[in-house]
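Index from 1, following the sequence.
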Amino acid sequence: MKKVTKRIVNVCIIACLLVMVSTTTVFATMVAYGSERAGYMVATEQLRKNTNTFDDSALNKKYKSYMTYGAKVWKESGVVTLKRDITSVNTINMCTSKDTSAVAYTTYSGHMRTGKIERFEIYFNKDIMNGRAVSRNRATAAHEIGHTIGLLDLYQKRNKGKLMYGITDRETTKPTKTDIKGGKYATRK
């Protein structure tokens with residue numbers, strides 16, 4: 001009986017270690033640079049250029065003003081310049097979803113060999129954004145633009161003052177020093 005118990009315990013320990021190692025490997029693959037402790041995290045897929053375009057022609061005037069603000073604060077940070085271009089493959093859209101707490105989200109595809117972001121889409125959830133203050137919606141646009149260059153969400157309370165904090169009670173409306181540091185790494189050539 002003791003041998004059986006010991007074998008079960010050993011198998012459980014090995015299983016736990018395998019789960020921990022595989023989770024760590026997945027996380028390490030996703031984050032190329034930085035950490036929660038550093039105050040920024042850069043994805044393995046990054047923009048790696050200082051100018052990009054976007055098409056927000058599907059947005060109404062109010063939502064275009066949020067994108068204008070987001071593009072402006074990132075340009076002022078010296079990290080990236082974003083320009084409107086209706087022929088751009090990078091699109092900004094509105095969506096409706098009452099079944100989620102997500103205010104907005106960004107998707108992007110990167111080149112498998114280079115890791116360079118080739119195309120992105122931002123979606124603003126108007127079911128949530130229509131009931132919020134303009135300053136919070138501007139911050140959301142700036143935050144989502146951070147994702148388009150390769151910055152990841154931060155979730156530790158220590159990062160609540162950062163633009164890339166992933167919880168919607170963020171008060172920061174433009175990139176902080178550490179957001180900029182991560183952004184400069186993501187846009188390096």
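Remark: Y69 engages no residue in a ring pair (Phe, Tyr, Trp, His ring centres under 6.0 Å) (not counting sequence neighbours). Partners of Y105 according to the ring pair (Phe, Tyr, Trp, His ring centres under 6.0 Å) rule, which considers only residues two or more places apart in sequence or in another chain, are Y123.
Judged purely by atom type and a 3.5 angstrom limit, R170 uses its side chain to pair as donor or acceptor with the backbone of L163. A donor-acceptor pair is defined here as one N or O able to donate and one able to accept, closer than 3.5 Å; no such pair exists between the side chain of N125 and the backbone of T96.
With hydrogens and angles left out, the side-chain atoms of N90 and E121 include no donor and acceptor closer than 3.5 Å. If you check the side chains of R188 and Q46, you find a donor sitting under 3.5 Å from an acceptor. Using a 3.5 Å distance cut-off with no hydrogens or angles, the side chains of E144 and T106 do pair a donor with an acceptor. Between the side chains of R132 and T140, a donor-acceptor pair is found at a separation under 3.5 Å.
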Could you go step by step and tell me if E118 and Y108 meet the side-chain contact (heavy atoms from CB on, under 4.5 Å) rule? CA-CA 7 Å; E118 296 182 317; Y108 56 80; over 6 Å; no

S97 and D99: side-chain hydrogen bond (donor to acceptor under 3.5 Å, both in side chains), yes or no, with the steps? CA-CA 5 Å; S97 181; D99 298 335; 5.4 Å; no

Is there a side-chain contact (heavy atoms from CB on, under 4.5 Å) between E36 and N159? Walk through the geometry before answering. CA-CA 7 Å; E36 286 274 355; N159 292 314; 2.8 Å; yes

Apply side-chain contact (heavy atoms from CB on, under 4.5 Å) to V79 and I149, showing your working. CA-CA 9 Å; V79 172; I149 63 175; 3.8 Å; yes

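Contact check for T53 versus D55: no side-chain heavy atoms found under the 4.5 Å cut-off. In this structure, the side chains of V73 and R138 stay at 4.5 Å or more apart for every pair of heavy atoms. Under the 4.5 Å side-chain criterion, counting only non-hydrogen atoms from C-beta, R37 is in contact with R158. In this structure, L59 and M67 have side chains that are in contact, with non-hydrogen atoms separated by less than 4.5 Å. Counting only heavy atoms from C-beta outward, the side chains of K64 and R84 approach each other to under 4.5 Å. Side-chain atoms of F54 and F120, non-hydrogen and from C-beta on, do get closer than 4.5 Å to each other. Using a 4.5 Å heavy-atom threshold, the side chains of T51 and K83 count as touching. Side-chain contact between V42 and L151 is present, with heavy atoms from C-beta onward closer than 4.5 Å.
Under the 4.5 Å side-chain heavy-atom criterion for Ile, Leu, Val, Met, Phe, Trp and Tyr, F124 and V134 are members of the same hydrophobic cluster.
Closest approach of T100 and I128 over heavy atoms only: O-CD1, 3.5 Å. The minimum heavy-atom distance between I117 and L47, with the atom names listed, is CD1-N, 3.9 Å. The shortest non-hydrogen separation linking A139 to T173 is CB-CA, 3.8 Å. Residue I86 comes nearest to S57 through the heavy atom pair CG2-CB, 4.3 Å, listed as atom of the first residue, atom of the second, then distance. Between A58 and N93, the closest heavy-atom pair is CB-OD1, 3.9 Å. Taking each heavy atom of K162 and T172 in turn, the nearest pair found is N-OG1, 3.8 Å.
By the 6.0 Å contact criterion, NZ on K62 is enclosed, its count of non-hydrogen atoms from other residues, nucleotides or ligands being greater than 12. More than 12 heavy atoms of other residues, nucleotides or ligands sit less than 6.0 Å from atom CG of N60. Other residues, nucleotides and ligands contribute over 12 non-hydrogen atoms within 6.0 Å of the CD atom of E76. The number of heavy-atom neighbours closer than 6.0 Å to NZ of K174, taken from other residues, nucleotides and ligands shown, is 12 or below.
Separating the NZ atom in K116 from the OG atom in S109 is a distance of 12.0 Å, to the nearest 0.5 Å. Remark: T81 OG1 to N52 CG distance equals 10.0 Å, nearest 0.5 Å. A distance of 10.0 Å separates CG of L152 from CD of E45, quoted to the nearest 0.5 Å. To the nearest 0.5 Å, the span separating OG on S35 from CE on M41 amounts to 8.0 Å. We find the NZ-OG1 distance between K184 and T187 to be 8.5 Å, quoted to the nearest 0.5 Å.
For the side chain to side chain donor-acceptor pair (under 3.5 Å) with Y63, the qualifying choice from N137, N130, T68, D56 is N130, the only one to do so.
Each ring-ring contact (aromatic ring centres under 6.0 Å, His included) pair with one or both residues in residues 126-177, not counting sequence neighbours, appears once here: H143-H147.
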